[in-house]
Number of protein chains: 2
Amino acid sequence: MAGKVEARKAALRQKLVEAAEIRIARDGAGALRARDLAHDAGCAVGAIYNAFDDLTAIIMAVNGRTFQQLGAAVEASVAGAEAEPPTCRLILMSNAYLHFAVQNTNLWRAMFDLRMAAGDAVPEWYLTALDSLFANIARPVGELFPDKDAGEAALMVRALFSAVHGIVLLGLEQRISGVPPERIEQMIAQVLEQIGGR
Amino acid sequence: MAGKVEARKAALRQKLVEAAEIRIARDGAGALRARDLAHDAGCAVGAIYNAFDDLTAIIMAVNGRTFQQLGAAVEASVAGAEAEPPTCRLILMSNAYLHFAVQNTNLWRAMFDLRMAAGDAVPEWYLTALDSLFANIARPVGELFPDKDAGEAALMVRALFSAVHGIVLLGLEQRISGVPPERIEQMIAQVLEQIGGR
DNA sequence: GCCTTTTCTTGAACTGCGTTCAAAATACAG
DNA sequence: CTGTATTTTGAACGCAGTTCAAGAAAAGGC
C-alpha cells in the first residue's frame with residue numbers, strides 16, 4: 001500500500017487549506033488560529049506541522065488559490081471585448097479587480113498583508129500568476145502606446161496596475177479615503193481615461 | 001508640587017514614543033516588544049500601560065510624528081515652485097513622497113500597516129494631517145482641471161494620491177514589482193505626465 | 001501472518017508575547 | 001508628620017505558534 005501515506009497527507013493538506021480559506025474569508029488572516037484550524041480539519045494541532053512548515057505556509061497556499069481566482073476574474077472581464085478601445089478594456093479589468101477586492105476583501109488583503117518572511121524565495125506560482133495578470137494589461141497598453149519599447153511598456157503596465165491597486169486599497173480603507181465605495185469606480189475611470197488620452 | 005505627576009507622565013510618554021520610533025525605524029512595527037520598550041525607556045513593563053492604553057496607541061503616536069514629517073517633506077518639495085506647471089509640481093510632490101518612503105520605509109509602512117482596531121474613531125490629528133496633504137495636491141489639480149466641480153476635483157485628488165501611493169507601495173515590495181527603485185520615479189512621471197496631458 | 005523499523009499522529013508542554021494586578025514605593029494634602 | 005491617593009513594579013495570567021516524547025499506524029522483510 002505504498003502511496004497511502006502520501007494520499008493521507010495530501011488530503012490533510014487540502015482540508016487544512018479549505019478550512020483556512022473559509023476562516024480567512026470570514027475573519028481575516030490575522031484571526032487564523034492553529035487550534036481552530038486543527039479542529040476544523042479534524043486533526044491534532046501537531047499534524048498541521050507535518051503537512052505544512054508553519055501557518056504562514058497555509059496562508060500562502062490560500063493566497064495561491066485567491067490569486068488564481070483574481071486572475072480569472074480579471075481575464076473574464078475583457079473576454080469578448082477585444083473590439084473595444086484599449087482604455088475601455090483597462091477600465092473593465094480595473095473594475096473587475098475592484099469588485100473582486102470588494103467581494104473577497106479578507107482573502108484579497110491576505111495576499112498583500114503577508115510580509116514575505118526574511119526575503120526568501122518568492123514562490124514560483126506567484127511570479128507565474130503575476131506575469132499572466134500583467135500580460136492581460138500589456139495588450140491594451142501596447143495599443144495605447146505603440147511607440148514605447150518593450151521595457152518602457154512593461155514599466156507602464158506595472159505602473160498602471162500599481163496605480164489601480166492603490167486606488168482600490170485606499171478606497172477600501174475607510175479612514176483614508178472617506179469615499180463611498182461606489183465612487184471608487186469613478187476614480188479609476190477618471191484616471192484611466194485621462195491616461196488613455198480620453 | 002501639583003503638576004509634577006503630570007510632568008513625569010508626560011516625560012515617560014515622550015521617552016516611550018522616542019524609543020518606539022527608533023525601534024520601529026530599525027526593525028519595523030511588527031518587531032516592537034513591550035519589554036524592549038520598557039527597557040529603553042527605563043521603566044517597568046507595567047508603566048507603559050499607565051502612559052498609554054496599549055502598544056497600538058504608542059505606534060499611533062509614532063505614526064502621528066511620521067505623518068507630520070511626511071507632510072512637511074511633501075510641502076517642502078513644491079515650496080518656491082509655484083511658477084512651475086501643475087504636472088511638474090505633482091511630480092515633485094510624488095518624488096518627495098517616494099523618497100520619504102524609501103528613506104523611512106519602516107516608519108512609513110507602520111502608518112498603513114496598522115489595522116484600525118474595531119473601526120473606532122479615527123484620531124483627529126490623522127484627518128487634519130490628511131486634509132493638509134490633500135490640500136497641497138488640490139492646488140495643481142485645480143489648475144489642471146478648472147472645469148471640474150469641487151466634488152469631482154476632490155475625487156481626483158484622492159485618486160491621484162492613491163495611485164502614487166500604490167506605485168510606491170508595490171514598487172518597494174520587491175516580490176511584486178521586480179522593478180529597481182530608480183525606475184519607480186520613472187513610473188510615477190510617466191503616469192502623471194499622461195494625466196496632465198503631457 | 002508476525003515481528004521490526006520507519007513513519008505519522010497526538011496533545012501536553014515549551015516559549016514568547018501583550019496585558020493585568022496586588023503589593024511596595026512614592027507623592028500629596030492637611 | 002501622618003494618612004490617603006497615586007504610581008511603579010515585576011511576577012503572574014492568558015493566549016498563541018511551535019515542538020517533542022510517547023503511542024499508533026503503516027511498510028517491509030521473512
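Per chain, numbering begins at 1; letters A, B, ... match sequence-line order. Both backbone and side-chain heavy atoms feed into the values below; hydrogens, waters and symmetry mates do not.
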What integer distance in Å separates [X]:[atom1] from [N]:[atom2]?
| X | N | atom1 | atom2 | value |
| --- | --- | --- | --- | --- |
| N50(B) | dA25(C) | CG | C1' | 14 Å |
| I48(B) | dA11(D) | CD1 | C1' | 15 Å |
| I58(A) | dG17(D) | CD1 | C1' | 11 Å |
| D54(A) | dT18(D) | CG | C1' | 9 Å |
| K9(A) | dT9(C) | NZ | C1' | 12 Å |
| D36(B) | dG18(C) | CG | P | 8 Å |
| L16(B) | dT8(D) | CG | P | 11 Å |
| L12(B) | dT7(D) | CG | C1' | 11 Å |

- Query: So, Q190(A) versus Q194(A): side-chain donor-acceptor pair below 3.5 Å or not?
  - Reply: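 Side-chain D/A pair, Q190(A) to Q194(A): absent.
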- Message: Can you give me the closest heavy-atom contact between A101(A) and V168(A), atom names plus distance?
- Response: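 Of all heavy-atom pairs spanning A101(A) and V168(A), the closest is CB-CG1, 3.7 Å.
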- Taking C-beta and beyond as the side chain, do R139(A) and V78(A) meet within less than 4.5 Å on heavy atoms? no
- Query: According to a 4.5 Å side-chain heavy-atom criterion applied to Ile, Leu, Val, Met, Phe, Trp and Tyr, with indirect links allowed, do I22(B) and F67(B) form part of one hydrophobic cluster?
  - Reply: no
- Query: Got a sec: does the CD of Q14(A) have more than 12 other heavy atoms crowding it under 6.0 Å?
  - Reply: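 Not buried by this count: 12 neighbours or fewer within 6.0 Å.
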- How does protein contact run along nucleotides 19-24 of chain D, one letter per nucleotide 5' to 3', with B for base contact, S for sugar-phosphate only, - for none, heavy atoms under 4.0 Å? B-----
- Message: As a test of understanding, state which of L90(A), L92(A), I91(A) forms a side-chain contact (heavy atoms from CB on, under 4.5 Å) with C88(A).
- Response: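 Answer to the side-chain contact (heavy atoms from CB on, under 4.5 Å) test with C88(A) among L90(A), L92(A), I91(A): L92(A).
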- Query: Any sub-3.5 Å donor-acceptor pair from N63(B)'s side-chain atoms to A110(B)'s backbone N or O?
  - Reply: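 At least one qualifying donor-acceptor pair exists.
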- Could you give me the CA-CA distance, side-chain angles and deciding distance for N106(B) and R26(B), then say whether side-chain contact (heavy atoms from CB on, under 4.5 Å) is met? CA-CA 7 Å; N106(B) 283 332; R26(B) 192 175 54 219; 5.9 Å; no
- ring-ring contact (aromatic ring centres under 6.0 Å, His included) contacts in which one or both residues fall within residues 34-54 of chain B, not counting sequence neighbours: none
Please write out each protein N/O paired with an N/O of nucleotides 13-16 of chain D under 3.5 Å, distance rounded to 0.1 Å.
unit_1  : atom_1 : unit_2 : atom_2 : d
dA16(D) : OP1    : R33(A) : NE     : 3.4
dA16(D) : O5'    : R33(A) : NE     : 3.1

